[in-house]
Amino acid sequence: MIKKILILDKNHPFIIYKLKKKGFICDENYNDPTNQMNLSAYDGVILRSRLKIDKEFIEKAKNLKFIARIGSGTENIDKDHAIKKGITLISSPEGNKDAVAEHAIGMLLCMMNHMIHSHQQIITGKWSRETNRGIEIMGKTIGIIGYGNTGKAFAKKLSGFDAKILCYDILPKVGDFYAKQVNMCTIFKKSDVISLHVPYTKRTKGMINYDFIKRFYKPFYLINTSRGGCLITSHLEKALKNGKIYGACLDVLEYENFSFNNIFLNQKFHKSFLYLIHSNKVIFTPHIAGWTRESKFKMDKKIVEKIIFLNQKIHKT
């Protein structure tokens with residue numbers, strides 16, 4: 001049975017309220033390093049990204065039955081060792097999928113219609129209509145790489161734009177009414193827009209590199225709302241300069257660490273990043289695609305539901 005839970009990041013108060021109401025004991029620790037915690041006292045931990053749950057952590061937490069990561073990514077958890085120890089991994093990608101999808105579409109609309117650039121021109125007294133003539137999503141082919149929770153939500157919300165939507169995923173038969181599943185050769189051949197919705201793994205690390213980009217038959221717009229480490233910044237710079245990529249919408253950056261802290265603190269950047277910052281072909285946001293008021297509650301609610309379900313499952317066995 002699950003009795004005692006350690007909460008390591010501040011979340012929506014709903015989590016503690018609901019878990020306590022269900023009879024769980026919830027302790028909060030938002031500041032101490034793990035070597036100062038009595039981890040063996042807990043049956044489960046809930047966190048976002050403040051700490052890394054490594055082999056040492058797992059070995060000290062001898063009674064862990066679950067690790068719950070609020071959100072979609074679990075790259076700050078040693079998943080292999082957790083599974084080896086029989087620990088259940090819980091995440092809540094269902095909670096922010098719609099927020100990510102809306103954000104990706106918003107960035108794409110801003111990019112294709114020069115909204116940010118033209119706004120910046122107007123506030124400096126420049127009124128330029130022809131140079132800011134936009135491009136419609138209608139009639140374009142959108143290639144979605146990674147067709148899980150956020151990929152599917154993105155496709156569903158795009159369905160009203162009268163675009164052709166294709167998807168690629170390492171899993172078979174995940175295509176649906178909103179997106180036709182195809183192989184990567186078709187993605188390379190047909191796409192006008194690429195949106196990345198993959199987890200950060202050894203397989204996806206640096207997957208958007210120049211060898212990958214040059215396989216596209218025509219220039220395209222790139223959206224990355226997944227993880228910054230999936231894209232090599234210097235290779236994006238090269239593709240923007242030679243026209244292989246028309247523009248990039250980046251909510252995540254290669255320079256982020258696991259905790260997604262302020263990347264401008266105590267860091268020297270590569271010249272490629274400085275190029276992107278000063279380019280009107282790039283739109284940035286600070287890893288907020290899934291960061292809405294609604295998603296904050298929905299992610300936490302989903303975590304609570306999964307913990308309760310797991311406890312019921314353990315109780316029956």
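Atom set for the values below is all heavy atoms of this structure, side chains included, hydrogens, waters and symmetry mates excluded. We number each residue from 1, following the sequence as shown.
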Pair C230-V198, side-chain contact (heavy atoms from CB on, under 4.5 Å): steps then yes or no: CA-CA 8 Å; C230 299; V198 297; 3.9 Å; yes
Distance (rounded to the nearest 0.5 Å) between I165 CD1 and S191 OG: 11.5 Å
Validation row: F188, N183 side chains within 4.5 angstrom (heavy atoms): no
Check: H278 side chain, L274 main-chain N or O, donor-acceptor pair, under 3.5 Å: yes
V193-L158 co-clustered via ILVMFWY side chain contacts under 4.5 Å: yes
Working for side-chain contact (heavy atoms from CB on, under 4.5 Å), residues M37 and L8: CA-CA 11 Å; M37 301 178 192; L8 296 169; 3.7 Å; yes
Residue of the set T225, N224, T285 for which side chain to side chain donor-acceptor pair (under 3.5 Å) holds with D251: T285
R69 side-chain N/O to R48 backbone N/O, donor-acceptor pair under 3.5 Å: yes
Set of residues satisfying salt bridge (charged side-chain N to carboxylate O under 4.0 Å, His left out) with respect to K55, sequence neighbours excluded: none
Candidate list K218, K140, K164, test salt bridge (charged side-chain N to carboxylate O under 4.0 Å, His left out), partner D192, passing option: K218
K180 side chain to G175 backbone, donor-acceptor under 3.5 Å: no
T204 side chain vs T201 backbone, donor-acceptor pair below 3.5 Å: yes
Residue pair H81, E59: steps toward the side-chain hydrogen bond (donor to acceptor under 3.5 Å, both in side chains) verdict: CA-CA 9 Å; H81 195 66; E59 287 296 328; 2.7 Å; yes
L276 and L240, any side-chain heavy atoms less than 4.5 Å apart: yes
Whether N29 side chain and D32 backbone form a donor-acceptor pair below 3.5 Å: yes
Salt bridge present between K156 and D98 (N-O < 4.0 angstrom): no
Cluster companions of L310 among Ile, Leu, Val, Met, Phe, Trp, Tyr (side-chain spacing under 4.5 Å): I2, I5, I7, F14, I15, I16, L19, F24, Y30, I46, F66, I70, I90, F297, M299, I303, V304, I307, I308, I314
Stepwise side-chain contact (heavy atoms from CB on, under 4.5 Å) check, K97 with V100: CA-CA 5 Å; K97 63 181 183 178; V100 172; 5.9 Å; no
Short side-chain donor-acceptor distance under 3.5 Å, Q181 and D176: no
Spacing of K85 atom NZ and D80 atom CG [to the nearest 0.5 Å]: 14.0 Å
Spacing of SG belonging to C26 relative to OH belonging to Y17, to within rounding of 0.5 Å: 13.0 Å
K302/E305 ion pair, N-O < 4.0 Å: yes
Polar side-chain atom of S295 near backbone of G290 as donor-acceptor pair, under 3.5 Å: yes
CG on L89 to NZ on K79, rounded to 0.5 Å: 8.0 Å
Short side-chain to backbone donor-acceptor contact, D169 and P172, under 3.5 Å: no
Any side-chain heavy-atom pair of T186 and L166 under 4.5 Å: yes
Pairs touching residues 217-245 that satisfy ring-ring contact (aromatic ring centres under 6.0 Å, His included), sequence neighbours left out: F216-F220, Y221-Y246
Main-chain N/O of G228 paired with E254 side-chain donor or acceptor, under 3.5 Å: no
I232-Y200 co-clustered via ILVMFWY side chain contacts under 4.5 Å: no
Linked, directly or transitively: M184 and I213 (ILVMFWY side chains, under 4.5 Å): yes
Salt-bridge criterion met for D78 and K84 (N-O under 4.0 Å): no
Main-chain N/O of D43 paired to N63 side chain as donor or acceptor, under 3.5 Å: no
Heavy-atom side-chain contact between I194 and I145 under 4.5 Å: yes
Under 3.5 Å: donor-acceptor pair, side chain of S279, backbone of Y275: no
Audit row: Y168, Y147, ring pair (Phe, Tyr, Trp, His ring centres under 6.0 Å) steps and yes/no: CA-CA 7 Å; Y168 169 81; Y147 205 60; over 10 Å; no
Aromatic centroids of H197 and F154 separated by under 6.0 Å: yes
Criterion salt bridge (charged side-chain N to carboxylate O under 4.0 Å, His left out) against E94, the qualifying member of K306, K298, K152, K301: K306
Test log, rule side-chain contact (heavy atoms from CB on, under 4.5 Å), inputs S49 and L47: CA-CA 6 Å; S49 52; L47 75 158; over 6 Å; no
Salt-bridge contact R227-E256 (side-chain N to carboxylate O under 4.0 Å): no
Charged N-O contact under 4.0 Å between K60 and E56: yes
Heavy-atom side-chain contact between I67 and T88 under 4.5 Å: no
